[in-house]
Amino acid sequence: YPVAQPKALTVIEHTTSTNQTITVGNRVDIGTIRNWYGSFSPSISTNKITLPIGYYYYLETSVQTYAVNNPSNWYYTDFSFQHYNETSSANVGTLATNFGAYGYSQDLELFSRDACAKLLLDCTSGAIDISIKVVSNDGYDRMNYTGGNQPYSGYGRTVIWQLESAP
C-alpha cells in the first residue's frame, strides 16, 4: 500500500534548563527549529507556534519531567500536558501523561495514558497558534531538566508533519 508523504517534517527542540519549574496552566518553553524534510519553518513567539494557513498539520509532543526534590509520594507521581489552541483558547488533541512510580506500578496501569500528546489540526482556512500547556502535576518539580546527575532527561520535543490540503 502506498503511504502519503508529508510536504514537510519539522522538529522543535524544547528549551532545556536546570530551573524550568512545572506550574499548571503555564506554557512549556520551546526553542530550536530543525527542518528534517521540506522547507517548512513555523514561527515561534513567547512559546507559541504559528502554523500557517493552507495545510493540515499533525503534531506529536513529548515533555520530559524530573523530580529534583523528593516527591511527597514516591509511589505515585504524574504530570499531564496537552496542546493548547491559543487562537480559540482551548485544549486540543490528546492528553499526555508521564508517570513515575517506585515499587508498585499496578495501580498506574489502570490510569495510564500515552506519554506523547497528539493533534491533527486543520489550518486550511486560517493560521492557528499552538502551545503546549501543563494540565496537572503531582510530584515532579522540573521539566526538560538537564542538571544534576541526569543530563539526558531534558530533551522534550514537538514533531510537526505539514500535510497537503485536500484537493
Side-chain angles (χ1 to χ4, degrees), residues 9-34 41-52 57-105 107-123 127-162:
L9 179 62
T10 298
V11 175
I12 300 173
E13 297 173 3
H14 294 183
T15 303
T16 57
S17 171
T18 58
N19 62 3
Q20 185 182 359
T21 58
I22 298 174
T23 304
V24 172
N26 279 6
R27 294 182 191 129
V28 173
D29 291 344
I30 55 177
T32 307
I33 298 171
R34 305 274 183 210
S41 248
S43 61
I44 297 175
S45 176
T46 60
N47 298 310
K48 293 185 286 188
I49 305 164
T50 299
L51 299 173
Y57 296 93
Y58 176 71
L59 289 76
E60 286 188 354
T61 294
S62 175
V63 177
Q64 305 306 309
T65 49
Y66 187 74
V68 175
N69 301 306
N70 290 339
S72 58
N73 184 355
W74 272 108
Y75 291 103
Y76 181 77
T77 53
D78 66 88
F79 162 76
S80 293
F81 58 97
Q82 193 167 9
H83 294 106
Y84 185 80
N85 185 329
E86 297 279 350
T87 306
S88 65
S89 302
N91 287 323
V92 290
T94 63
L95 180 70
T97 302
N98 294 352
F99 282 107
Y102 177 78
Y104 303 102
S105 63
D107 291 339
L108 298 180
E109 293 170 5
L110 300 175
F111 301 102
S112 65
R113 296 186 180 99
D114 197 341
C116 180
K118 298 175 177 91
L119 171 64
L120 182 60
L121 197 60
D122 180 352
C123 292
I128 295 177
D129 290 331
I130 295 292
S131 63
I132 301 101
K133 284 202 175 182
V134 176
V135 174
S136 67
N137 180 44
D138 181 16
Y140 292 107
D141 51 12
R142 297 286 188 273
M143 60 183 148
N144 299 321
Y145 179 74
T146 54
N149 295 324
Q150 301 298 323
Y152 303 109
S153 67
Y155 296 95
R157 69 225 168 257
T158 297
V159 182
I160 303 173
W161 286 261
Q162 185 183 49

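Residues: numbered from 1 along the sequence shown.
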**OP:** Quick one: closest heavy-atom pair of Cys116 and Ala96, and the distance?
**Re:** C-CB, 3.5 Å
Original post:
Can you check whether Thr50 reaches Ser45 side chain to side chain, under 4.5 Å on heavy atoms?
Top reply: no
Original post:
Side chains of Ser62 and Gln64: do they bring a donor and an acceptor to under 3.5 Å?
Top reply: yes
Original post:
Nearest heavy-atom pair of Val63 and Phe81: which atoms, and what distance?
Top reply: N-CZ, 3.6 Å
Original post:
Thr21 and Arg142: which non-hydrogen atoms are nearest, and at how many Å?
Top reply: CG2-NH1, 3.4 Å
Original post:
Between Glu60 and Tyr58, does any side-chain donor sit less than 3.5 Å from a side-chain acceptor?
Top reply: yes
Subject >> Pairs satisfying salt bridge (Lys or Arg N to Asp or Glu O under 4.0 Å), at least one member in residues 14-26, at least two apart >> reply: none
Subject >> Identified side-chain hydrogen bond (donor to acceptor under 3.5 Å, both in side chains) partner of His14 from the options Thr158, Asn47, Asp29 >> reply: Thr158
Original post:
How far does CD1 of Ile22 sit from OH of Tyr145, to the nearest 0.5 angstrom?
Top reply: 12.0 Å
**OP:** Considering non-hydrogen atoms only, spot the tightest contact between His83 and Ala117 and give its length.
**Re:** CE1-O, 3.3 Å
Subject >> Arg157 vs Thr61, side-chain contact (heavy atoms from CB on, under 4.5 Å): CA-CA, chis, key distance, verdict >> reply: CA-CA 6 Å; Arg157 69 225 168 257; Thr61 294; over 6 Å; no
Original post:
Out of curiosity, Arg27 CZ to Ile130 CD1, how far, rounded to the nearest 0.5 Å?
Top reply: 11.5 Å
**OP:** State the CG-CG distance between Asn85 and Leu121, to the nearest 0.5 angstrom.
**Re:** 6.5 Å
Original post:
Roughly how far apart are Leu59 CG and Thr94 OG1, rounded to 0.5 Å?
Top reply: 10.5 Å
Subject >> Heavy-atom closest contact (Thr10 atom, Pro42 atom, distance) >> reply: CG2-CD, 4.0 Å
**OP:** Drop me the distance from Asp129's CG to Glu86's CD, to the nearest 0.5 angstrom.
**Re:** 7.0 Å
Subject >> Nearest non-hydrogen partners of Ile12 and Gly31, listed with the distance >> reply: CG2-O, 3.9 Å
Original post:
Are the side chains of Ser80 and Thr97 in touch, meaning some heavy atoms are under 4.5 Å apart?
Top reply: yes
Subject >> Distance, nearest 0.5 Å, that separates CG of Asp78 from CG of Asn137 >> reply: 7.5 Å
**OP:** Could you check Ser89 against Tyr84 for side-chain contact (heavy atoms from CB on, under 4.5 Å), going step by step and ending with a plain yes or no?
**Re:** CA-CA 7 Å; Ser89 302; Tyr84 185 80; 3.4 Å; yes
Subject >> Side-chain touch Leu9/Val159, heavy atoms, less than 4.5 angstrom >> reply: yes
